[in-house]
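To start, the structure itself, in structure tokens.
All chains are named by letter (A, B, ...) in the order of the sequence lines, taking the proteins before the strands, and each is independently numbered beginning at 1. All heavy atoms count here, side chains included; hydrogens, waters and symmetry mates do not.
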Number of protein chains: 2
Amino acid sequence: MRQTILRAAARVFRRRGFAATGMRDIAAEADLSPGNLYYYFGSKDELLFFCQDHSLDRMLATCHAVGRAGAGAAERLALVIRAHVACMLDELDGAAAHTEVEALPPRLRERIVAKRDRYEAAVRRIVAEGVRMRTFAPCDPTLVTRAVLGALNWTARWYRPDGAQPPAAVADAFATYLVRGLCA
Amino acid sequence: MRQTILRAAARVFRRRGFAATGMRDIAAEADLSPGNLYYYFGSKDELLFFCQDHSLDRMLATCHAVGRAGAGAAERLALVIRAHVACMLDELDGAAAHTEVEALPPRLRERIVAKRDRYEAAVRRIVAEGVRMRTFAPCDPTLVTRAVLGALNWTARWYRPDGAQPPAAVADAFATYLVRGLCA
DNA sequence: CGCAGGTTTGAACCATGGTTCGAAAGTCGA
DNA sequence: TCGACTTTCGAACCATGGTTCAAACCTGCG
């Protein structure tokens, strides 16, 4: 039930944006009465929080998995990028994740920001290692990592499921472009 | 006067986000009474609209200027990237531009989206020409352009003026990284 | 059947915040 | 100084939308 509601909320958040969607919209999307949402969740903010938390967990998991695969930095980064795009465009709740952090009240935002920082650090570690190994050109890993994540997060803004490009095509293009920018 | 108000609005939008800031906040920032804002602007939406419109004009202008400089695609793209970062981090109103398009009512949004599309097309033209000239690796110019713009627009989310990095450092790092990803 | 617990409802409550408005204050040429 | 006009004020208005609540509804067990 909680899952059903979260899916519905994520769908509407993505479609109309967090600020523009009302509890009544979410209720309608989940075939529920407005009041009933509060039996499962405490507030609208909490709903957004769990959407973000869930997709961050997913992204962190792929980082963890990729870390064990003993490949080079370039391959590992490409894998993370592909997974990030997939999470952003296939999974519906991914889009609301990084996009609307500012909307959360301080208490909840803290926790999301902390988790997001852990994800960013994981990606940065891959970049830094590539630089150290000389497979990547010398650069500031922090800035480059943010450029990469920016390009990825921004996909939620322009991608339309009914467009010509399937998510995999976007993932491929982004992986090759964003990795090549690092290669020495 | 209108300029003063717009600056103030842009500052607060950037600090707290569009949805979170009230007319009373903007009025306070501009040392004005809440009601007085409506003597110069019709609504809160209109305020956001003019912020976005102004910074888009600025970005389009640099595209135009760069177009006349008869340099190669790589140099032209680097110039546009640098200008975009500057507009994003130096000029306060730039941040609100691409970041909160969804917040606008349909009528105003249409016009902003149209202008933003023109900007995107201008950047894409540079990329496409580079590909045609073989100075850039073969790729889908549309997707790569969106990756570039995503990385740039995202800067508004994480950059803090009191941080260690001056805007120019960010501009340099982004220009080299994002252009190198295209070079064959 | 009947009762207890969990679940669902939808109408009503109420704070927030964009907006309006009538009046007061400044400006300036005559 | 006067009067017309522009500008400013801030208290009140009011729609929106998140939230609450008491009653109804189910479900399963004794």
Side-chain angles (χ1 to χ4, degrees), chain A residues 1-53 93 96-97 99-112, chain B residues 1-53 93 96-97 99-112:
Chain A
M1 191 71 246
R2 281 175 64 99
Q3 285 305 316
T4 314
I5 296 179
L6 278 180
R7 301 263 182 202
R11 237 172 349 232
V12 193
F13 285 160
R14 166 163 189 152
R15 199 181 312 138
R16 297 208 249 276
F18 177 74
T21 66
M23 284 285 123
R24 292 161 178 84
D25 297 325
I26 301 176
E29 178 82 18
D31 272 313
L32 242 54
S33 75
N36 196 12
L37 294 176
Y38 289 86
Y39 183 75
Y40 293 97
F41 294 94
S43 68
K44 187 187 171 190
D45 294 325
E46 196 175 307
L47 229 36
L48 177 62
F49 170 81
F50 281 115
C51 284
Q52 303 190 340
D53 195 61
D93 39 4
T99 308
E100 308 255 23
V101 204
E102 316 285 325
L104 288 173
R107 192 59 52 84
L108 294 177
R109 181 168 51 210
E110 260 181 80
R111 292 168 56 187
I112 288 297
Chain B
M1 192 70 245
R2 281 174 64 98
Q3 285 304 317
T4 313
I5 296 178
L6 278 180
R7 301 261 181 201
R11 238 171 351 233
V12 192
F13 285 161
R14 168 166 186 148
R15 198 181 313 138
R16 297 208 249 276
F18 177 74
T21 66
M23 285 286 122
R24 291 159 179 88
D25 297 325
I26 300 175
E29 178 83 16
D31 272 314
L32 241 54
S33 74
N36 197 11
L37 294 177
Y38 289 86
Y39 183 76
Y40 293 97
F41 294 94
S43 68
K44 187 187 174 190
D45 294 325
E46 195 175 308
L47 229 36
L48 177 62
F49 171 80
F50 281 115
C51 284
Q52 304 190 341
D53 195 59
D93 39 3
T99 308
E100 308 256 22
V101 204
E102 315 286 325
L104 288 173
R107 193 59 54 83
L108 294 176
R109 182 168 50 208
E110 258 181 82
R111 291 168 55 187
I112 288 296

Rounded to the nearest Å, what distance is computed from the [atom1] atom of residue [X] to the [atom2] atom of nucleotide [N]?
| X | N | atom1 | atom2 | result |
| --- | --- | --- | --- | --- |
| A:M23 | D:dG17 | CE | C1' | 10 Å |
| B:L32 | D:dT7 | CG | P | 12 Å |
| B:F18 | C:dG17 | CZ | P | 13 Å |
| B:R24 | D:dA12 | CZ | P | 13 Å |
| A:D25 | D:dG17 | CG | P | 8 Å |
| A:I26 | C:dT8 | CD1 | P | 17 Å |
| B:K44 | C:dT19 | NZ | C1' | 12 Å |
| A:L37 | C:dG10 | CG | P | 13 Å |

For B:F41, which contact category applies under a 4.0 Å heavy-atom criterion: base, sugar-phosphate, or nothing?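 Nothing, no nucleic acid heavy atom in range.
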
Testing the basics here: between A:E102 and A:R109, what is the closest heavy-atom pair and its distance to 0.1 Å?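 It is O-NH1, 3.1 Å.
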
Closest non-hydrogen atom pair between A:D45 and A:F18, with its separation: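 Closest approach of A:D45 to A:F18: OD1-CZ, 3.7 Å.
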
B:D25 side chain to B:G22 main-chain N or O, any donor-acceptor pair under 3.5 Å?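 Side chain of B:D25 to backbone of B:G22: a pair is present.
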
Under 3.5 Å, which protein N or O atoms sit close to an N or O of nucleotides 20-26 of chain D? Give each pair with its distance.
none

From the options D:dT8, C:dG10, C:dT19, select the nucleotide whose nearest atom is closest to the side chain of B:M1.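 The answer is D:dT8, which lies nearest to the side chain.
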
Check this one for me: any side-chain N or O of B:Y40 less than 4.0 Å away from OP1 or OP2 of D:dT8?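 Yes, because at least one side-chain N or O of B:Y40 sits under 4.0 Å from OP1 or OP2 of D:dT8.
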
Verify the contact: side-chain N or O of A:Y39 to OP1 or OP2 of C:dT7, cut-off strictly under 4.0 Å; return yes or no.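 So the side chain of A:Y39 is within the cut-off, an N or O lying under 4.0 Å from OP1 or OP2 of C:dT7.
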
Look at A:E29 together with A:R7 and state whether they make a salt bridge at an N to O cut-off of under 4.0 Å.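 Salt bridge between A:E29 and A:R7, a charged N being under 4.0 Å from a carboxylate O: no.
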
With the side chain counted from C-beta on, respond yes when B:E46 and B:L104 share a heavy-atom pair under 4.5 Å apart, and no when they do not.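 Answer no - side chains too far apart.
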
Quiz item: cation-pi between B:R107 and B:F49, 6.0 Å / 45°: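 No - B:R107 does not lie over the ring of B:F49 by the 6.0 Å and 45° rule.
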
List the residues meeting salt bridge (charged side-chain N to carboxylate O under 4.0 Å, His left out) with B:R24, not counting sequence neighbours, and say none if there are none.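 With neighbours one apart ignored, the set is empty.
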
